[in-house]
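Structure first, then comments.
Side chains are part of it too, since the values below use all heavy atoms of this structure and drop only hydrogens, waters and symmetry mates.
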Amino acid sequence: MAEFNGLTALVGGLLIGTSATLLLAFNGRIAGISGMVNGAISLARSERWRWLFLLGMVAGGTLYEYVLASQPTPRSTFAPAAMLTGGLLVGFGTRMGNGCTSGHGVCGLGRLSARSLAAVLTFLATGFITVFMSRHAFAGA
């Protein structure tokens with residue numbers, strides 16, 4: 001597994017924050033991915049910007065993986081059924097919470113939203129509990 005590199009994490013975080021800030025400053029739009037995907041599905045002409053933003057995200061990841069990365073990103077060893085179940089639960093949770101981690105964490109906290117702070121704290125607590133349970137409580141099962 002690749003070692004954690006603080007510099008690339010810092011650069012990635014700065015790029016995400018910068019892109020979210022620019023989108024809000026110049027277009028008045030929030031860069032929450034779940035809301036962006038939900039709006040892009042409507043196929044309305046006025047929602048083209050959402051497709052362009054999503055395309056840019058995929059292109060950036062592809063560029064990094066195949067051009068800039070010194071070694072390939074490690075692949076997940078999760079079973080496809082577990083990944084599908086996890087994805088559906090995340091999608092359900094983002095609808096219930098009116099946003100996902102990027103929407104609340106990057107954009108909502110940047111706008112000093114109390115609702116986003118509560119959501120981020122919930123995401124973090126749930127993540128800690130899930131990792132603890134999967135690595136310690138159910139590790140031998």
- Non-hydrogen side-chain atoms of F53 and L23 separated by less than 4.5 Å: yes
- Distance in Å, H104 NE2 paired with T122 OG1, rounded so as to fall on 0.5 Å steps: 9.5 Å
- Nearest heavy atoms of S116 and L109, plus distance in Å: CB-N, 4.0 Å
- Message: Using modelled atom types and a 3.5 Å cut-off, is there a donor and acceptor pairing between side-chain atoms of R48 and backbone atoms of A40?
- Response: no
- Query: To the nearest 0.5 Å, what is the distance between CZ (R95) and OG (S34)?
  - Reply: 7.5 Å
- Task: Flag yes if Y64 and V67 sit in one hydrophobic cluster, no otherwise; membership is Ile, Leu, Val, Met, Phe, Trp, Tyr, and two members link when side-chain heavy atoms are under 4.5 Å apart.
- Result: yes
- Note on the structure: Of all heavy-atom pairs linking M36 and I30, the shortest is CE-O, 4.1 Å
- Message: With a 4.5 Å cut-off on side-chain heavy atoms, are M57 and I33 touching?
- Response: yes
- Query: If you measure from CH2 on W51 to CD1 on I41, what distance do you get to the nearest 0.5 Å?
  - Reply: 7.0 Å
- What is the distance from atom CZ of R111 to atom CG of L24, rounded to the nearest 0.5 Å? 7.0 Å
- Item | Separation between CG of L121 and CG of L117, rounded to the nearest 0.5 Å | 4.5 Å
- Note on the structure: Tightest non-hydrogen contact, residues C100 and T94, listed as CB-CG2, 3.4 Å
- Message: Could you check whether any side-chain heavy atom of N98 comes within less than 4.5 Å of a side-chain heavy atom of R115, counting everything from C-beta outward?
- Response: yes
- Item | Nearest heavy-atom neighbours spanning C107 and G32 | SG-N, 4.2 Å
- Message: Once rounded to the nearest 0.5 Å, what's the spacing between atom OG1 of T8 and atom CG of L68?
- Response: 11.5 Å
- Shortest non-hydrogen contact between G99 and F123, atoms and distance: O-CZ, 4.2 Å
- Single hit among T21, L22, L15 for side-chain contact (heavy atoms from CB on, under 4.5 Å) with T18: L22
